[in-house]
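The structure appears below as structure tokens.
When a ligand or atom number is given, it counts from 1 through the structure's own listing order.
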Amino acid sequence: MDTIAPDSRLSKPTKTFLSHQHQLLIDGKWVAAASGKTFSVYNPATGAVMAQVAEADKEDVDRAVRAARRAFDEGPWRKMTGSQRGRLMWKLADLIEQHLEEFAEIESIDNGKPLAVARAADVPLTADMFRYMGGWATKITGSTIPWSAPNEFLSYTVREPVGVVGQIIPWNFPLLMAAWKLAPALAAGCTIVLKAAEQTPLSALRLGELIQEAGFPGGVVNILAGYGETAGAALAAHDDVDKVAFTGSTEVGKLIVKAAAGNLKKVSLELGGKSPTVIFGDADIEAAIPGAAGAIFFNHGQCCCAGSRLYAHKNVFDRIVEGVSGEAKKIKVGPGLDPATNMGPLVSEEQFERVTGYIESGIEEGAKIVTGGKKAGGDGGYFVEPTVLTGTKPSMKVVREEIFGPVVCAEPFDDADLERIAKKANDTIYGLAASVWTKDISKAHKMANLIRSGTVWINCHNVFDASLPFGGYKQSGWGREMGGEVLANYSEIKAVTAKL
Ligand code: NAP
Ligand code: MG
């Protein structure tokens, strides 16, 4: 398919990057796919092809895993100190910041998100993740274990890198998800084969160039673009991969677990969500309204922790629904590169069909559209209006399933019993996040205790920090990203015992 000329609003470095041949980073070199195949990358704001990228397949996965294995077993990487690894990670963070504008533009045209959002969130958080985890590289320790017979044996534990890691990431925060995966694995001393999402491979490939520039030894980070069913599946099943880390849908997460069973590789999963936003009658309504709107509409609802089920006390329900709908109407939907845009297109045609399909199913099952519900923008581009549904029932598909789009289901509650309210919030197969809005601090903390999810926000939503563990209860996943906790994903513990 023909690739169109880059958008004239893009900066020169981004245009230069787009004009490159986009290959795979294997063993410190950029190479074509073994098959010679490439695939098209689309701009979701126009539907036009922006780039052709080498399409990794099983053979490329084999090559990359061999390189990562060599780098782990024989390369200089294993002999480097934590301080040396940390310094490389800091250098990478500096380089990412120096290329902030270029990364923001790449994210905006590849994923669709507003340029201002990528500038303020995706890229700085990415640099921060490498710095934060670079700090951990010198702080990965074991412990001495007191024995029942203290003078006969001495025991201590050490934490060692798990080995060769396969990482599979989604398209909603392409660069940041690469950082969430790469940074802790590098801090722990692992070597990596990372597969970017087929919809958004560009920022990971640009990151690969900076990884080389920072001076990481060849083979430590290998970056592949390709399809989940081929490259992703081959990586998850590979017998010489010690651990697979996945972020994406719960459905594919289950396939990863099955594929990993062959060699019983370690698995960590960050999966879907259907997170509740619970607003009590005593909440600061002026804060809760934009809070609940941001919870669902940030990143076009394409967040695993999006507040997609909104529960508000009946005394404030009408005001909340009216307020959130008002916020939705204020959102200017348009191309990410347009400075006036608050919400860009969904990432792909497939995602557009999926989200609009859910809205239709909600209407068929009896939900009412308060605002939104339609395609937005002109021809081309995968724009959907931010949508508020009421009249939903707990059994409806729109309430039960992850939509991953700007669609919220609002339902009133008429109850003072926190356990019953928490039961509603917990009525889902997922358990990733929740937010609770109230001025009563006891109520807030009691709710935090009752909600079964990996994150509970009080009077805020979608707030992240590299230092905070993030991950899911129930079918939202296994293990945690970020914080000190993520290091458990990438290390083995060895107990050493000496007879004295
Ligand atoms: P997905 O299929 O789970 O994709 C996530 C990653 O897994 C991508 O890199 C994908 O490659 C890869 N993959 C797909 N099938 C695979 C397989 N059999 N073995 C190994 N890797 C595989 O998600 P999606 O299709 O892009 O989006 C579908 C839905 O997933 C969304 O609507 C949303 O509900 C959910 N989702 C959740 C998150 C999250 O952060 N929790 C993120 C994205 C999507 P390809 O890119 O080639 O498919
Ligand atoms: Mg997919």
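Using a 4.0 Å cut-off between a side-chain N of Lys or Arg and a carboxylate O of Asp or Glu, Asp242 and Lys266 do not qualify as a salt bridge. The existence of a salt bridge linking Arg66 and Asp27 is excluded, since no basic side-chain nitrogen approaches an acidic carboxylate oxygen closer than 4.0 Å. Residues Arg131 and Glu97 are paired through a salt bridge, judged by an N-O separation under 4.0 Å between the basic side chain and the carboxylate.
On a distance-only criterion, Tyr227 and ligand 1 share no N/O pair closer than 3.5 Å. Taking any N or O of Gly228, backbone or side chain, at least one lies under 3.5 Å from an N or O belonging to ligand 1. In terms of polar-atom proximity, defined here as any N/O pair under 3.5 Å, Ile256 makes no such contact with ligand 1. Polar contact check, Leu271 against ligand 1: a nitrogen or oxygen pair lies under 3.5 Å apart.
Residue Gly226 places a heavy atom less than 4.0 Å from ligand 1. Ligand 1 does not have Glu401 within reach: every non-hydrogen atom of the residue lies 4.0 Å or more from it.
Formation of a donor-acceptor pair under 3.5 Å by the Ser476 side chain with backbone atoms of Gly272 is found in this model. For Asn489 (side chain) and Arg480 (main-chain N/O), a donor-acceptor pair under 3.5 Å exists by modelled atom type. A donor-acceptor pair under 3.5 Å links the side-chain atoms of Arg309 to the main chain of Ala425, judged by distance alone. At distances below 3.5 Å, not a single donor-acceptor pair connects side-chain atoms of Asn222 with backbone N or O atoms of Lys195. Proximity of a side-chain donor or acceptor of Asn426 to a complementary backbone N or O of Arg452 within less than 3.5 Å is detected.
For ligand 1, the atoms lying closer than 4.0 Å to a non-hydrogen atom of Leu255 are 18 (N). Every atom of ligand 1 is numbered from 1 in the order shown, and the set under 4.0 Å from a heavy atom of Cys304 is 39 (C), 40 (O), 41 (N). Close contacts of ligand 1 with Ile168, meaning ligand atoms under 4.0 Å from a residue heavy atom, involve 6 (C), 7 (O), 9 (O), 12 (C), 20 (C), 21 (N). In the vicinity of Asn172, heavy-atom distances shorter than 4.0 Å reach the ligand 1 atoms 40 (O). Remark: ligand 1 atoms within the under-4.0 Å shell around heavy atoms of Gln351 are 31 (C), 32 (O). For ligand 1, the atoms sitting less than 4.0 Å from at least one non-hydrogen atom of Ile169 are 6 (C), 8 (C), 9 (O), numbered in the order shown with element in parentheses. Residue contact check: Pro170 has heavy atoms under 4.0 Å from atoms 42 (C), 43 (C) of ligand 1.
For the atom pair CZ of Phe404 and OG of Ser249, the computed distance is 9.0 Å after rounding to the nearest 0.5 Å.
Comparing heavy-atom distances from atom 29 (C) of ligand 1 across Ser348, Ser249, Gly273 singles out Ser249 as nearest. Comparing Cys305, Gly232, Pro201 by heavy-atom distance to atom 20 (C) of ligand 1, the nearest is Gly232. In the candidate list Thr230, Thr247, Val355, Thr247 is nearest to atom 5 (C) of ligand 1, counting heavy atoms. The closest heavy-atom contact to atom 37 (C) of ligand 1, among the options Gly248, Gly253, Gly272, comes from Gly248. In this comparison of Tyr358, Phe404, Tyr430, the heavy atom closest to atom 38 (C) of ligand 1 sits on Phe404.
The part of Arg354 lying near ligand 1 is the side chain, judged by heavy-atom distances below 4.0 Å.
By the salt bridge (charged side-chain N to carboxylate O under 4.0 Å, His left out) test, Asp128 pairs with no residue at all, sequence neighbours left out. Glu59 is linked by a salt bridge (charged side-chain N to carboxylate O under 4.0 Å, His left out) to nothing, counting only residues two or more places apart in sequence or in another chain.
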